[in-house]
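So the structure is just underneath, and the comments pick up after that.
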Amino acid sequence: MKQREKPKYSIFQNVSWMIRMAWRTRKRVLLILGLSATTEILLGLTELTVAPGILARVESRASFGTLLLTIAGFTAALFILTGLKAYLQLNAMFSRVDVRSAIIGLITQKSILTSYPNTLESPFIKGRDKAYLSSSGNDQATEHIWETLTRLLSNVGGLLASLIILSRLDAWLIAVIVATCGLGFCVSRATINWRYARRDEEERYYQKKFYLRSKAESVELAKDIRIFGLQNWLNDLLEDIHNLYLDFSLHCEHVEMIADVTEAGLTLARNGIAYFYLIRLALHDGLSVSAFLLYFTATSTFTTWVMGVLQQLSVLHKESLDISRLREFLEYPEPFRFEEGEPIPNADHYELRLDHVSYRYPMATSDTLRDVDLTIAPGEKLAVVGLNGAGKTTLVKLLCGLLDPTEGAVLLNGKDIRAFNRRAYYALFSAVFQDFSLLDVTVREQITQTTGPIDEARLSEAIEKSGMTSVLGKLPQGLDTHVGREVYLDGVLFSGGEMQRLMLARALYKDAPILLLDEPTAALDPLAENEIYVQYDAMTHGKTSLFISHRLASTRFCDRIIFMADGAIREEGSHESLLARGGAYAHLYEVQSRYYHEGKEY
């Protein structure tokens, strides 16, 4: 049996946290909360007493003027309170949205600034999704909790007022009302808990449906859908998920219907007992008509307020669970040091060293890198080559501080990088990664990664060195042309090779002292690739550079080559020395070079 979820924070702690968020973001939320609850209580009491009050004046044979004045007073009170309630409800939404938006900002900040290893962990990803879900709309926990607290306070106030009115009646009637309300609440809560326990199942259906729809409509799959005829397959998958969700919904409706019938029976029994008791008082104890109406109305509203308190406490409990998960995500542990880390030492050059480094990915059964010992001298042009899966990309991620080794250390000028402010360490690197993505912004923003001041001379130089000058010169709006068509209909779509060049221009514009190029020419044709090789010296002048490739022919322009296989460095040297050695590098080079010799047998 699945254990009940135990949140890290209590309801009181989560409500206090939300109040602090409102105090820092929009104090008006708290003011509106208090005014709304007070208005609800006064409006409820006015509606409770209006008919008995007017009827009491009639029974006492009050003058016509007194009766009109009483009616006018109640009418004015109802008009003012109803108008104030509507005004507060209208204005409450805007300030509550501001608080929710501030929380979304915290979630986003955590997501984009968290340590890179966290982005690979399933608990972090699930926590992020749940945190965003709790802030995804007006009816979600981080905004709806203000409505819940308003209703809870108004129900508590109304309950106390009705208790004072009903205190003149027999205690057993109040006990019957409380008991039937309690039973109804238990049924309701059991139903809500049953549905809530299956919320993850419902979310999975939504996620699968959203995933299939987004993929079916995506630009990336548009060619595959048409060439391979995936339409029917995708429709069948979507229909299967939809049918499963319909079955789930039908089962939920059956359970909720049983709960509604049970609650209706309890309400009928409660009102019948109250009617019988009050009619008996009217017939045998001389209870006046106005008092009868007041007590019966108070009985009904007392029931409403009791149920309201219990239901809002239940809702608050659920919302507290969501807020607790959100806070746990925001406090997800960070393996890296950031602002609390040491600053990067000022130096003309930086030496990088992997000191007997091993690395194993989470949940993996073996190391991706094993006991790698490597020193990269300042200004050195190093090539890292090997077949796919040799560990080249992992090596790059360790060097630039995206990952920390599971054994050994990465050293910068002899000091373990784990001691440094990791964001300051990132500033030492420009990189073109094997897997990259483009934002739908202008070409200028794509390269400079900013909407602020731009160094135009450096931008032009980066474009020239990356070989994008002629391509960008043909664009309709030059560097102000939008990239992609997810946001802008007038955006351009670059080829794979052009996108790689664009990413190279971005890395060159950053102008960091260390340049990492992970398969930067994989999508280029041979002529374009050769252009990059010719310009490589100019690109890397005065910098330390690492060129990662599985193409051995691309390494001749580097000072040193390391050949990796099975997560370790197997050979090391210049291109000529490695060929002369006749080892694995020479053998692989020979295999690859055969494809460039027309007519040669292989």
Salt bridge (charged side-chain N to carboxylate O under 4.0 Å, His left out) involving [X] - partner list, sequence neighbours excluded:
{"X": "Arg327", "answer": "none"}
{"X": "Glu319", "answer": "none"}
{"X": "Arg151", "answer": "Glu147"}
{"X": "Glu339", "answer": "Arg423"}

Under a plain distance cut-off of 3.5 Å, with no hydrogens placed, do [Y] and [X] share a side-chain donor-acceptor pair?
{"X": "Ser36", "Y": "Thr150", "answer": "no"}
{"X": "Glu201", "Y": "Tyr205", "answer": "yes"}
{"X": "Glu334", "Y": "Thr114", "answer": "yes"}

Gap between atom [atom2] of [Y] and atom [atom1] of [X] - 0.5 Å precision:
{"X": "Leu395", "Y": "Thr368", "atom1": "CG", "atom2": "OG1", "value": "11.5 Å"}
{"X": "Thr393", "Y": "Leu398", "atom1": "OG1", "atom2": "CG", "value": "11.0 Å"}
{"X": "Thr365", "Y": "Arg360", "atom1": "OG1", "atom2": "CZ", "value": "7.0 Å"}
{"X": "Asn155", "Y": "Ser162", "atom1": "CG", "atom2": "OG", "value": "10.0 Å"}
{"X": "Ser135", "Y": "Leu326", "atom1": "OG", "atom2": "CG", "value": "5.0 Å"}
{"X": "Ile41", "Y": "Thr46", "atom1": "CD1", "atom2": "OG1", "value": "11.5 Å"}

Could you walk me through whether Leu43 and Glu47 satisfy the side-chain contact (heavy atoms from CB on, under 4.5 Å) test, starting with their C-alpha distance in whole Å, then the side-chain angles of each, then the deciding distance to 0.1 Å, before giving a yes or no?
CA-CA 6 Å; Leu43 182 60; Glu47 291 172 341; 3.9 Å; yes
Of the non-hydrogen atoms in [X] and [Y], which two are nearest, and what is the gap between them?
{"X": "Val315", "Y": "Thr148", "answer": "CG1-OG1, 3.6 Å"}
{"X": "Pro117", "Y": "Leu403", "answer": "CG-CD2, 4.2 Å"}
{"X": "Tyr359", "Y": "Thr394", "answer": "CD2-CG2, 3.8 Å"}
{"X": "Ala259", "Y": "Thr191", "answer": "CB-OG1, 3.1 Å"}
{"X": "Ala161", "Y": "Leu45", "answer": "CB-CD2, 3.3 Å"}
{"X": "Ile323", "Y": "Trp17", "answer": "CG2-CE3, 3.9 Å"}

Would you find more than 12 non-hydrogen atoms of other residues, nucleotides or ligands less than 6.0 Å from [X] atom [atom1]?
{"X": "Tyr361", "atom1": "OH", "value": "yes"}
{"X": "Leu113", "atom1": "CG", "value": "yes"}
{"X": "Lys215", "atom1": "NZ", "value": "no"}
{"X": "Ile112", "atom1": "CD1", "value": "yes"}

Could you tell me whether the side chain of [X] and the main chain of [Y] form a donor-acceptor pair under 3.5 Å?
{"X": "Thr442", "Y": "Thr481", "answer": "no"}
{"X": "Lys392", "Y": "Leu387", "answer": "yes"}
{"X": "Ser430", "Y": "Ala507", "answer": "yes"}
{"X": "Thr38", "Y": "Gly34", "answer": "yes"}
{"X": "Arg422", "Y": "Arg337", "answer": "no"}
{"X": "Ser136", "Y": "Leu133", "answer": "yes"}
{"X": "Glu498", "Y": "Ser495", "answer": "yes"}
{"X": "Thr82", "Y": "Phe79", "answer": "no"}
{"X": "Arg100", "Y": "Arg96", "answer": "no"}
{"X": "Thr108", "Y": "Ile104", "answer": "yes"}

Check the pair Leu321, Ser324 against side-chain contact (heavy atoms from CB on, under 4.5 Å), reporting the backbone distance first and the verdict last.
CA-CA 5 Å; Leu321 287 178; Ser324 186; 5.6 Å; no
Under a 4.0 Å threshold between the charged nitrogen and the carboxylate oxygen, would Glu407 count as salt-bridged to Arg370?
no
NZ/NE/NH1/NH2 to OD/OE distance under 4.0 Å, Asp322 and Arg325
yes
Residues two or more places apart in sequence or in another chain: which of them pass ring-ring contact (aromatic ring centres under 6.0 Å, His included) with [X]?
{"X": "Trp194", "value": "His251"}
{"X": "Phe336", "value": "none"}
{"X": "Phe338", "value": "none"}

Sequence neighbours excluded - ring-ring contact (aromatic ring centres under 6.0 Å, His included) pairs with any residue from residues 115-148:
Phe124-Phe329, Phe124-Tyr332
Got [X] and [Y] here, is their nearest side-chain heavy-atom distance under 4.5 Å?
{"X": "Ile32", "Y": "Phe94", "answer": "no"}
{"X": "Val443", "Y": "Phe494", "answer": "yes"}
{"X": "Glu202", "Y": "Tyr245", "answer": "yes"}
{"X": "Ile125", "Y": "Thr119", "answer": "no"}
{"X": "Val483", "Y": "Asp440", "answer": "no"}
{"X": "Ile548", "Y": "Leu517", "answer": "no"}

Sorted by first residue and then second, give each salt bridge (charged side-chain N to carboxylate O under 4.0 Å, His left out) pair with at least one member in [range]; sequence neighbours left out.
{"range": "residues 233-260", "answer": "Arg195-Glu256"}
{"range": "residues 303-312", "answer": "none"}
{"range": "residues 22-34", "answer": "Arg26-Asp98"}

Donor-acceptor pairs are to be reported for all side-chain atoms of residues 83-90 against protein atoms at under 3.5 Å, with residues two or more places apart or in another chain.
none

Output, in order, the C-alpha distance, side-chain angles, deciding distance and verdict of side-chain contact (heavy atoms from CB on, under 4.5 Å) for Trp305 and Val156.
CA-CA 7 Å; Trp305 278 322; Val156 169; over 6 Å; no
Verdict with supporting geometry, Val487 and His482, side-chain contact (heavy atoms from CB on, under 4.5 Å):
CA-CA 9 Å; Val487 178; His482 292 114; over 6 Å; no
